[in-house]
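What's counted below: heavy atoms across the whole structure, side chains too, no hydrogens, waters or symmetry copies. Every value quoted in this text rests on a predicted model; they were computed, and no experiment measured them.
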Amino acid sequence: MSNAYDIAYHRSLTDPAEFWGDAAKEISWYKPWDKVLDDTNPPFYRWFTGALVNTCYNAVDRHVEAGRGDQAAILYDSPVVGIVRSITYRQLQDQTARLAGVLAGLGVGKGDRVIVYMPMVPEALVAMLASARLGAIHCVVFGGFAAAELATRINDAKPKVIVSASCGIEGQKTIAYKPLLDHAIELAVHKPGHTVILQRPQVSAAMTEGRDVDWEASLATAVPHACVPVAATDPLYILYTSGTTGQPKGVVRDNGGHMVALKWTMSNIYKVKPGEVYWAASDVGWVVGHSYIVYAPLLHGCTTVVYEGKPVGTPDAGAFWRMIAQHKIETLFTAPTAFRAIKREDPEALLLKNYDLGHFRTLFLAGERSDPDTLQWAERHLHVPVIDHWWQTETGWAIAANCIGLHSFPVKHGSPTKAVPGWDVQVLDEGHHACKPGQTGALVVKLPLPPGALITLWNADQRFEDSYLYEFPGYYKTADAGYIDEDGYVYVMSRTDDIINVAGHRLSTGAMEEVLASHPDVAECAVIGVHDTMKGQLPLGFLVLKAGVSKSHEQILKEVVTLVRERIGPVAAFKTATVVKRLPKTRSGKILRGTMQKIADHEDFKMPATIDDPAILEEIEEDLTAIGYAKAREKTDL
Ligand code: COA
Ligand code: AMP
């Protein structure tokens, strides 16, 4: 073994208890664990059983006690409304303790759920931390989801309280959140006892007396609440993510293992020191936001950045450079789509010349496959290492990365480098045999998963087993396909299920199909993800109409687009659909979505041996050409 990465990787797999037990010394515990890895109830492994801890204490109070009280914990930058604000660790402690006091007064205690439906404002972090402070379980819902999606999450999580705001600033638009929240509560069967509403000057939310509590007024008189010790194995949060049906999966993360893993990543993957400014340009509604806007940087004593803007249009494609220069950001983590958006508007990165990025050290990319073009563009213009790393909502942190804190490996474009310590990544074929180097198969992780990975799905242990552990016994199925090369570099090529990745946002085509199928004129439908030069993928719908429908196709298409926006939300970016006579299927009736996607993207495909009627593929190709995909798309793209 020649380098620190090899040593750490080997140790993490041969003696996980010793490896993570060591890492756990970085966390402050009320009571130490009886066991680092509890494997008495497989496949439900637990980390640090017997220990008592509090996540908010470790992310906030501990730093104040250690002398970081006056350091900025959060830098908030909202370019459209022109606000830049810094919140010190001491102020964060005060606000968090006060909000915890308010929540406790509304009946929230250990194990209760608190939904956070907030835009990118520091108060979103305060809400998450206040929930953690009480030992409650937060469940953040991304602002781009529709009221119906929020209602689904309310019904599943059954929150006592929902914390929200009057509005969010989304690009140049102001989005009123409260009407969406009110509508979601109306739709939901479960009714939260209270909401706490942050009134922002841009929009004033109407309040329901007796139910809605004003953030500012209640915090002003609140009694600060102390951190409540919880079991390391108790849930810290639920984060819903797209599954293969309209019913999202509630990924559950614990307190102890989660902190140990995230704290470890800051030095070993990101090579960041306490006190540095770390920016994850994502949203608190996504896992990247949970792990790298909130928990990891704060656990590490860094300054985290809350940016309520976009990479382009707020005001221009120099927004990220302005942020890095103004806030002295050392490390940036974002999705490749953000860089594709910047590259499209400013291909020569001319706006970069206006800013001094001398202190900027590393760019990390994740959330979707990093196309080599974008990665090289960033390398060429930024002159810093650009590090792709692979992870999922379920894993909570990177499965594969170039762990520059341990050892910098040469970058191979198209690969997120090697499996990270803790993750025994393997490639299996359909017969569950190990693939040879270079051979594509299912990317799986040998159990037990390291700390910080999901421990189950909320109220759905069986679904957890069925979704992730059933197909490859003894392994976690990532649902990504790819290969590992001779040097141990991992390549993540595609999903094996119906998940698509639109602008770094994870969406289920199955969920969109459920919405389309609910339209009264639709007999059958399919949704596929087609290539998009900026967003990576975009959903495209196919509708077969019921016999005798008299409405125009144009009208029906408009209606289904509106329906998806209303039921799932604008984030689905479902804007294109077409009416077809028939859908191509196998003889057993399975829709050939993969083949349709290849036709749309003008990729080579093999005629499936089990196809029922090959002529339908020609019809589909003609339909796709008519709306600018398939052959026509190739012509316009060239
Ligand atoms: N609240 C309300 N609406 C939201 C929203 C939110 N928090 N986030 C997105 N939306 C809306 C957008 O306004 C847009 O609505 P529209 O159809 O009316 O225009 C729609 O959802 C799609 O949003 P998005 O996919 O983000 O597209 P965009 O064109 O607005 O921006 C990018 C494209 C690439 C600039 C943007 O997605 C981006 O910065 N992505 C990279 C970072 C990131 O968030 N990654 C996620 C995980 S790391
Ligand atoms: P999410 O749960 O939203 O984080 O999305 C997870 C999925 O995004 C993964 O299963 C992959 O399909 C994809 N993904 C994330 N990061 C990468 C990456 N670096 N390379 C390739 N695919 C990625």
Side-chain angles (χ1 to χ4, degrees), residues 55-56 96 99-100 102-168 175-199 205 207-208 211-215 218 234-242 247-253 283-287 289-290 293-295 393 457-460 568-569 571:
T55 295
C56 180
T96 303
L99 181 62
V102 172
L103 293 176
L106 298 175
V108 175
K110 200 193 276 192
D112 290 330
R113 273 80 57 211
V114 174
I115 282 191
V116 178
Y117 184 60
M118 299 280 271
M120 280 296 288
V121 290
E123 288 80 358
L125 282 66
V126 172
M128 292 164 78
L129 291 162
S131 163
R133 195 171 187 88
L134 293 173
I137 303 167
H138 62 67
C139 168
V140 183
V141 180
F142 177 63
F145 283 122
E149 286 285 321
L150 177 56
T152 306
R153 287 153 174 80
I154 294 174
N155 284 336
D156 200 59
K158 301 191 173 39
K160 271 210 172 139
V161 172
I162 301 183
V163 184
S164 190
S166 60
C167 69
I175 312 254
Y177 271 48
K178 185 66 176 11
L180 280 166
L181 173 62
D182 288 342
H183 186 38
I185 295 175
E186 231 173 78
L187 292 174
V189 179
H190 171 85
K191 308 289 178 196
H194 295 278
T195 74
V196 178
I197 306 295
L198 175 74
Q199 294 279 13
M207 304 287 270
T208 302
R211 187 194 70 183
D212 299 342
V213 173
D214 180 77
W215 175 293
S218 59
D234 280 345
L236 167 70
Y237 71 74
I238 308 167
L239 176 58
Y240 288 93
T241 190
S242 304
Q247 183 66 27
K249 295 169 172 168
V251 164
V252 180
R253 198 97 59 214
D283 187 288
V284 285
W286 304 116
V287 68
H290 279 61
I293 295 175
V294 189
Y295 289 111
T393 303
L457 294 176
W458 181 248
N459 280 341
I568 299 181
V571 68

Side chain to side chain contact (heavy atoms under 4.5 Å, CB included) between L457 and Y240, intermediate numbers included:
CA-CA 9 Å; L457 294 176; Y240 288 93; over 6 Å; no
For V126 and M118, what are the C-alpha separation, side-chain angles and deciding distance, and is it a side chain to side chain contact (heavy atoms under 4.5 Å, CB included)?
CA-CA 11 Å; V126 172; M118 299 280 271; over 6 Å; no
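- In this structure, I115 and C139 have side chains that are in contact, with non-hydrogen atoms separated by less than 4.5 Å.
- Between the side chain of S218 and the backbone N or O of D214 there is at least one donor-acceptor pair closer than 3.5 Å.
- Across V140, D112, V114, a single residue satisfies side-chain contact (heavy atoms from CB on, under 4.5 Å) together with S131, and that is V114.
- Aromatic ring orientation, H138 versus H290: tilted (interplanar angle from 30° to 60°).
- Using cut-offs of 30° and 60° for the angle between ring planes, the W286 and F145 rings count as perpendicular.
- Residues R113 and A157 approach most closely at NE-O, 2.7 Å, considering heavy atoms.
- Residues P248 and T152 form a side-chain contact, since some pair of their non-hydrogen atoms from C-beta on lies under 4.5 Å apart.
- Across all non-hydrogen atoms, the minimal contact from T96 to C56 is CG2-SG, 3.6 Å.
- Summarising the geometry, atom OG belonging to S166 is positioned 6.5 Å from atom CG belonging to L198; distances are rounded to the nearest 0.5 Å.
- When all heavy atoms of W458 and D156 are compared, the pair lying nearest together is NE1-O, 3.3 Å.
- In terms of modelled atom types and a separation under 3.5 Å, the side chain of N155 and the main chain of A188 share no donor-acceptor contact.
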Worked check of side chain to side chain contact (heavy atoms under 4.5 Å, CB included) between T393 and K249:
CA-CA 10 Å; T393 303; K249 295 169 172 168; over 6 Å; no
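- Within the 4.5 Å cutoff, the side chain of V163 has heavy atoms near those of the L103 side chain.
- Looking at I197, V141, I154, V196 one by one, the single match for side-chain contact (heavy atoms from CB on, under 4.5 Å) with I162 turns out to be I154.
- With hydrogens and angles disregarded, no donor-acceptor distance shorter than 3.5 Å links the side chain of Q199 to the backbone of W215.
- At least one side-chain heavy atom of P159 sits under 4.5 Å from a side-chain heavy atom of H190.
- Of all the heavy atoms in A184 and A147, the pair that sits closest is CB-O, 3.4 Å.
- Contact between L99 and A127 at its shortest, heavy atoms only, is CD2-CA, 3.5 Å.
- Within the model, atoms CG of L239 and CZ of R253 stand 7.0 Å from one another, a figure rounded to the nearest 0.5 Å.
- Between R211 and D182 there is a side-chain heavy-atom pair separated by less than 4.5 Å.
- No side-chain heavy atom of V571 sits under 4.5 Å from any side-chain heavy atom of E149.
- Using a 4.0 Å cut-off between a side-chain N of Lys or Arg and a carboxylate O of Asp or Glu, K178 and D212 qualify as a salt bridge.
- A donor-acceptor pair under 3.5 Å is formed between the side chain of K191 and the backbone N or O of I185.
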Stepwise side chain to side chain contact (heavy atoms under 4.5 Å, CB included) test for M120 and V284
CA-CA 7 Å; M120 280 296 288; V284 285; 4.0 Å; yes
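- A tilted orientation is assigned to the rings of Y177 and Y117, their planes being inclined by 30° to 60°.
- Proximity of a side-chain donor or acceptor of R133 to a complementary backbone N or O of A100 within less than 3.5 Å is not detected.
- The minimum heavy-atom distance linking P235 with V252 is given by the pair CB-CG1, 3.7 Å.
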